[in-house]
Amino acid sequence: MLIVQKYGGTSVANVERIKAVADRVSRTAQQGNRVVVVVSAMSGETDKLIGLAHQVSSTPNEREMDLLLSSGERVTSALTAMAIEEKGHKAMALTGRQMGIITDTVHTKAKIEKITGERAKRALDEGYVLVIAGFQGITEGEDVTTLGRGGSDLSAVAIASALGADLCEIYTDVDGVYTTDPNIVPGARKLQKISFEEMLELASLGAKVLQTRSVEFAMKYGVPIVVRSSFNDNPGTLVTKEDEEMEKVVVSGVAYDKNQAKITVTGVPDKPGIAAKMFKGIADASIIVDMIVQNVSSDGRFADISFTVPRTDSKKALQLTEEIARELGATGVTLRDDIAKISIVGVGMRTHSGVAAQMFETLARHGINIIMISTSEIKVSCIIELKYTELAVRVLHDTFGLAEAE
Ligand code: ADP
Ligand code: ASP
Ligand code: MG
């Protein structure tokens with residue numbers, strides 16, 4: 001088999017952990033598999049580099065930021081390759097560029113366009129274990145890019161797809177995908193398997209165990225993923241196509257996202273084309289707008305529009321919105337960033353009713369006010385006050401009986 005193994009930050013946090021990774025890679029290779037390893041930076045390293053950038057600049061240049069951030073993964077790829085050689089295997093570390101990971105030019109959240117990988121394929125044929133620096137690529141114009149936070153997951157899935165790997169294993173600090181973050185709810189239950197669709201919702205709603213775009217990519221190209229722990233040999237969670245069993249479960253997970261901010265524009269003239277104008281400017285800045293709510297005044301002349309963006313983009317979004325609001329003749333713009341999004345997810349919601357009501361009722365019972373609501377076929381999300389996040393996760397996990405065995 002050809003297996004891609006991705007190791008996250010905590011799994012390569014120090015030399016002992018890197019040696020443990022080399023051990024596992026060595027065992028996998030000895031079982032007759034060809035192995036391609038993808039590594040993250042040592043845990044905390046990316047945050048440290050971002051911190052340094054902000055110490056020398058108030059708005060760090062994004063091109064330079066990418067060059068800086070990509071260095072973290074280079075360090076671990078080289079060290080891991082050395083540690084694997086020490087175990088008696090041929091190993092070769094490659095940067096994103098050497099792997100031929102070609103991306104678009106959107107710095108700090110670039111999209112992969114193609115993977116050439118000729119060098120890598122040759123080395124694999126020559127019997128090397130490859131160790132690829134995750135999270136990074138290169139533009140056609142040869143600028144280094146990074147793939148957004150948690151982007152090594154995407155590197156791994158895309159490389160698995162490009163090389164036609166049989167399996168993509170994501171090694172992390174928990175045993176698999178749980179009904180909710182096991183670090184917040186100790187009673188959370190590990191799922192044996194989960195559908196791509198549910199995983200995509202959970203990830204995009206804040207469950208950072210897999211990066212959203214990595215799940216999107218895996219779903220599109222049918223890359224089977226197993227999430228498991230680098231600290232033990234427990235079976236992990238298989239992320240795969242939906243089956244009938246999965247429909248029987250109404251709610252399969254609870255997710256939360258603390259990286260949220262809400263912008264409200266008041267007194268916008270209510271006429272065609274206003275929303276289009278407002279959101280175009282924000283989209284052009286590659287900022288993802290999530291929930292949008294519009295209320296029209298009773299006389300129908302003015303509207304208030306509220307929407308949410310990632311808190312990390314809120315400064316930029318606020319500035320853009322203020323410019324557009326002025327052009328449109330709106331009366332005011334406000335920002336609120338003490339909020340979080342809390343969501344329940346399950347493919348079974350398609351065929352069961354009353355789930356949203358049960359969620360609202362549970363939050364109300366615990367005195368948690370709902371600021372905004374959005375729903376899709378398989379999820380319900382509420383914006384609440386940030387300070388109630390953990391409480392909301394726990395009571396919803398309880399209400400929907402997620403701790404009980406399948
Ligand atoms: P890595 O550094 O290996 O990429 P991450 O920190 O990005 O690891 O992701 C793993 C973390 O995701 C876990 O430690 C856990 O706190 C968090 N998490 C959030 N939701 C879930 C969930 N539903 N199941 C498992 N882990 C979750
Ligand atoms: N090191 C990067 C981050 O912290 C990418 C990753 O770990 O996947 O976001
Ligand atoms: Mg991660």
Side-chain angles (χ1 to χ4, degrees), residues 3-11 38 40 134 149-157 160 167-243 245-258 341-349 376 378-381 390 393-394 396-398 400-406:
I3 302 179
V4 171
Q5 297 188 332
K6 179 260 173 178
Y7 292 90
T10 37
S11 306
V38 176
S40 289
R149 295 310 303 267
S152 298
D153 294 335
L154 175 61
S155 305
V157 172
L167 184 63
C168 181
E169 293 182 316
I170 305 285
Y171 285 92
T172 184
D173 56 1
V174 289
D175 283 3
V177 179
Y178 283 71
T179 47
T180 192
D181 188 342
N183 289 318
I184 290 214
V185 181
R189 180 170 46 83
K190 185 174 80 187
L191 301 165
Q192 266 176 10
K193 55 181 178 178
I194 184 168
S195 68
F196 282 122
E197 264 185 302
E198 284 173 321
M199 192 62 238
L200 184 60
E201 286 283 8
L202 283 177
S204 69
L205 296 168
K208 68 169 180 164
V209 61
L210 284 175
Q211 189 218 27
T212 309
R213 275 166 44 206
S214 72
V215 185
E216 225 165 36
F217 198 103
M219 182 158 110
K220 189 161 164 195
Y221 295 102
V223 181
I225 298 181
V226 172
V227 178
R228 50 188 301 196
S229 169
S230 68
F231 297 90
N232 59 47
D233 286 326
N234 296 345
T237 301
L238 176 68
V239 188
T240 183
K241 287 204 188 89
E242 184 179 330
D243 61 35
E245 291 271 290
M246 294 172 178
E247 281 250 344
K248 291 189 197 140
V249 185
V250 185
V251 174
S252 39
V254 179
Y256 66 92
D257 184 353
K258 294 181 170 185
K341 180 167 64 180
I342 170 113
S343 312
I344 55 174
V345 172
V347 286
M349 277 187 216
S376 80
I378 66 165
K379 71 122 200 271
V380 185
S381 298
E390 281 79 10
V393 172
R394 258 182 258 124
L396 289 172
H397 193 263
D398 221 37
F400 291 103
L402 294 181
E404 286 122 54
E406 280 167 275

### Message
Just so I know, are the side chains of Met199 and Val209 near enough to count as touching, which here means a heavy-atom distance under 4.5 Å?
### Response
yes

### Task
Give, for atom CG of Asp175 and atom CG of Asp233, the distance between the pair rounded to the nearest 0.5 Å.
10.5 Å

### Query
Can you tell me how far the CG atom of Asp153 sits from the OG1 atom of Thr172, to the nearest 0.5 Å?
8.0 Å

### Message
On a heavy-atom basis, which atom in Leu205 and which in Asp257 lie closest, and how many Å separate them?
### Response
O-CB, 3.4 Å

### Message
Rounded to the nearest 0.5 Å, what separates atom OH in Tyr256 from atom CG in Leu202?
### Response
12.0 Å

### Message
Quick check: do Glu201 and Ser376 have side-chain heavy atoms less than 4.5 Å from each other?
### Response
yes

### Task
Starting from the C-alpha separation in whole Å, work towards a yes-or-no answer on side chain to side chain contact (heavy atoms under 4.5 Å, CB included) for Val250 and Phe400.
CA-CA 8 Å; Val250 185; Phe400 291 103; 5.9 Å; no

### Query
What closest approach, in Å, do Val254 and Thr180 show between heavy atoms, and which atom pair accounts for it?
O-OG1, 2.7 Å

### Message
One thing to verify: whether Glu197 and Lys379 come together as a salt bridge, which I'm taking to mean a side-chain N less than 4.0 angstrom from a carboxylate O.
### Response
no

### Message
If you compare all heavy atoms of Tyr178 against all heavy atoms of Lys190, which two are closest, and at what distance to 0.1 Å?
### Response
CD2-N, 3.4 Å

### Task
Using a 4.5 Å cut-off on heavy atoms from C-beta on, say whether the side chain of Ile184 contacts that of His397.
no

### Task
Indicate the atoms forming the closest heavy-atom contact of Ala403 with Gly187, along with that distance.
CB-O, 3.5 Å

#### Entry: Any donor-acceptor N or O pair under 3.5 Å, side chains Ser204, Thr212
no

### Task
Mind checking the CZ-NZ spacing from Phe196 to Lys241? Nearest 0.5 Å is all I need.
7.0 Å

## Note on the structure
OG1 (Thr179) and CD1 (Ile194) are apart, to the nearest 0.5 Å, by 10.0 Å

### Query
Looking at CD1 of Ile342 and OG of Ser381, how far apart are the two atoms once the value is rounded to the nearest 0.5 Å?
9.5 Å

### Query
Do Ser214 and Gln211 get their side chains close enough for a donor-acceptor pair, meaning under 3.5 Å?
no

### With Arg213 via salt bridge (charged side-chain N to carboxylate O under 4.0 Å, His left out) - residues at least two apart
none

#### Entry: salt bridge (charged side-chain N to carboxylate O under 4.0 Å, His left out) evaluation trace for Lys258 with Glu390
CA-CA 10 Å; Lys258 294 181 170 185; Glu390 281 79 10; 2.7 Å; yes

### Summary
Closest heavy-atom pair, Val38 versus Gly134, reported as atoms and distance to 0.1 Å, is CG1-CA, 3.8 Å

### Query
Given side chains that start at C-beta, do those of Leu238 and Gln192 come closer than 4.5 Å, heavy atoms only?
no

### Task
Over all heavy atoms of both residues, which pair between Cys168 and Ala160 is shortest? Give the atoms and the distance, please.
CB-CB, 4.0 Å

### Message
Could you tell me if the side chain of Tyr171 sits less than 4.5 Å from the side chain of Lys6, heavy atoms only?
### Response
no

### Query
Taking side chain as C-beta onward, heavy atoms only, is Arg228 less than 4.5 Å from Gln5?
no

